[in-house]
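Numbered from 1 within each chain, the chains take letters A, B, ... in sequence-line order. These numbers come from the heavy atoms of this one structure, side chains and all, not from hydrogens, waters or symmetry mates. Just so it is clear, the model here is predicted, and its values are computed rather than measured.
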Protein chains: 2
Amino acid sequence: MSARAASRAAVPPPEAKASRRQILDCAARLFREQGYAAVSLRDIAAASGMKAGSLYHHFVSKEEIVAEMLNIGVQTVFGEVRRAIEAAGDVPAAHLIETAVRAHLRSIFEFGDYTGASIRIFGHVPARVRDATIGERDAYERYWVALLARGARLGDLRGDIDLTLLRLFLFGAMNWALEWYKPGRLDLDGIARQLGEIILHGAAPVRAPPANRRVRRTGQTAKP
Amino acid sequence: MSARAASRAAVPPPEAKASRRQILDCAARLFREQGYAAVSLRDIAAASGMKAGSLYHHFVSKEEIVAEMLNIGVQTVFGEVRRAIEAAGDVPAAHLIETAVRAHLRSIFEFGDYTGASIRIFGHVPARVRDATIGERDAYERYWVALLARGARLGDLRGDIDLTLLRLFLFGAMNWALEWYKPGRLDLDGIARQLGEIILHGAAPVRAPPANRRVRRTGQTAKP
DNA sequence: GTCTATAAAGGGATAGAC
DNA sequence: GTCTATCCCTTTATAGAC
């Protein structure tokens, strides 16, 4: 993201007006909480400490506000996941997947409202806004495609698993957390660990044990 | 829902006005496609072949329309899942989970728009509507809680898996399909089978002993 | 049971004063 | 850069004719 920052517009130049970002902060929070259509420009303006008309000094329309917010949201989670993966170094793909899951979840719940709003309202914004922001989302999805393809190539993923479906199931399990996760009740790392464990090894007890494998029965309850 | 119609309430009594259901049909389709706030009563009326004012002969408010639609959606998927489970009879819990997944996905994509709209817009409706419909959703969730608890009791699920998280991940993976599934491109049964396979047995090859995980494991993968 | 007409409120967007 | 004032349109909801 660093080399092509200008052409990708991933990070606004530091000269950008502070209020522009401040408005986006408020918009992201409101969109995340209430959805796109339910939030009016008057709401965003009030949350930003100004009047509705003043918004038009910073943005040309409501659609521009939401489009920029959506892009920042995807770029945020993309950046966090990529950073976590690169920091993980050369480890088994299975571990990379758990790392990516943890970074994705962290982005959703610990890095402001952009990512959460981005996920929740993307399907509800006008088609024009979707078209204008689909590119950033595709870039992020392609990163996961490559991540899973690498795992399959190295033999860390079963050959009979559809990688497209695996990715979509993962995204679903993670993004749906927006509908139930409340900070403080459950540990984010624990959630990431459980999801990684289930996705990689399954929720069922170990299947027919291979040749030299001990059967682990610890924690299993006997049939009544 | 007025009466405890057959205690299942999945289907309204035949005496109910036809137009009432017809209006709900149109509302469900529009809500599913565009979200709650983006659909006006004029839109619903036009799709129903009438004018906005006429809707008030059947419903007292937009909120009543959406609340009833939400309840029908949940009751539909609940009824389908329960029917599938009861038809499956006495089989291993692992098989029941795949059966429930298939029924849930079928309800979303093959039984009209109620279920899909119900899932997509629940988080975006006014709090009053959520409060008025949360009971039906809880009933459906409790059914899954019991299903998974039964699997754990019978030893078909690992003891170290958090059943609450497992359920939430499953719901996420299934419900998120609304954001990507297009009829005709992928087979619903195939999707259900893959999700069941991943959730139960994992996407990684059979777990290797801690030490020598670089060993080739050709032929070890069980083909379903 | 559906219509037209309309009320009352709020939506996005613009113009011009300061 | 923010304000007030306003335009024009849409929204939910109501009233009463047919």
Measure the distance from [atom1] on [X] to [atom2] on [N] and round it to the nearest whole Å.
X: A/I44; N: C/dG12; atom1: CD1; atom2: P; value: 8 Å
X: A/E64; N: C/dA13; atom1: CD; atom2: C1'; value: 14 Å
X: B/L55; N: C/dG1; atom1: CG; atom2: P; value: 13 Å
X: B/Q22; N: C/dT2; atom1: CD; atom2: C1'; value: 13 Å
X: A/Y36; N: C/dG11; atom1: OH; atom2: P; value: 13 Å
X: A/I23; N: D/dT2; atom1: CD1; atom2: P; value: 7 Å

Please determine if a side-chain N or O atom of B/H58 lies less than 4.0 Å away from the OP1 or OP2 oxygen of C/dT2. yes

Looking only at side-chain N and O atoms, does B/H57 come under 4.0 Å of OP1 or OP2 in C/dT2? no

Nearest to side-chain heavy atoms of A/M50, which nucleotide of D/dG1, C/dC3, D/dC3: D/dC3

Please list, pair by pair, any protein nitrogen or oxygen found under 3.5 Å from a nitrogen or oxygen in nucleotides 15-18 of chain C.
none

For residues 93-102 of chain B, which residue pairs qualify under salt bridge (Lys or Arg N to Asp or Glu O under 4.0 Å), counting only residues two or more places apart or in two chains? B/E98-B/R102, B/R102-B/D189

Relative to A/Y114, does A/R21 satisfy both conditions: NZ or CZ under 6.0 angstrom from the six-membered ring centre, and within 45 degrees of the ring's axis? yes

Both conditions, 6.0 Å and 45 degrees, for the charged tip of A/R120 above the ring of A/F122: are they met here? no

Identify the pairs formed between an N or O of the protein and an N or O of nucleotides 9-12 of chain D at a distance under 3.5 Å, and give each distance.
unit_1: D/dT11; atom_1: OP1; unit_2: B/S40; atom_2: OG; d: 3.3
unit_1: D/dT12; atom_1: OP1; unit_2: B/K62; atom_2: NZ; d: 3.1
unit_1: D/dT12; atom_1: OP2; unit_2: B/L41; atom_2: N; d: 2.8

Can B/R137 and B/S118 be counted as having a side-chain donor-acceptor contact under 3.5 angstrom? yes

Do A/H104 and A/N175 get their side chains close enough for a donor-acceptor pair, meaning under 3.5 Å? yes

Describe, in one word, how the ring planes of A/F78 and A/Y140 are oriented to each other, choosing from parallel (under 30°), tilted (30 to 60°) and perpendicular (over 60°). tilted

Would you mind writing out the side-chain donor-acceptor pairs for residues 161-168 of chain A within the sub-3.5 Å range, not counting sequence neighbours?
unit_1: A/D162; atom_1: OD1; unit_2: A/T164; atom_2: N; d: 2.8
unit_1: A/D162; atom_1: OD1; unit_2: A/L165; atom_2: N; d: 3.0
unit_1: A/R167; atom_1: NH1; unit_2: A/E141; atom_2: OE1; d: 2.4

Under the side chain to side chain donor-acceptor pair (under 3.5 Å) definition, can you give me all pairs with a residue in residues 39-53 of chain B, not counting sequence neighbours? B/S40-B/D43

Among residues at least two apart in sequence or on other chains, which ones pass side-chain contact (heavy atoms from CB on, under 4.5 Å) with B/A37? A/A37

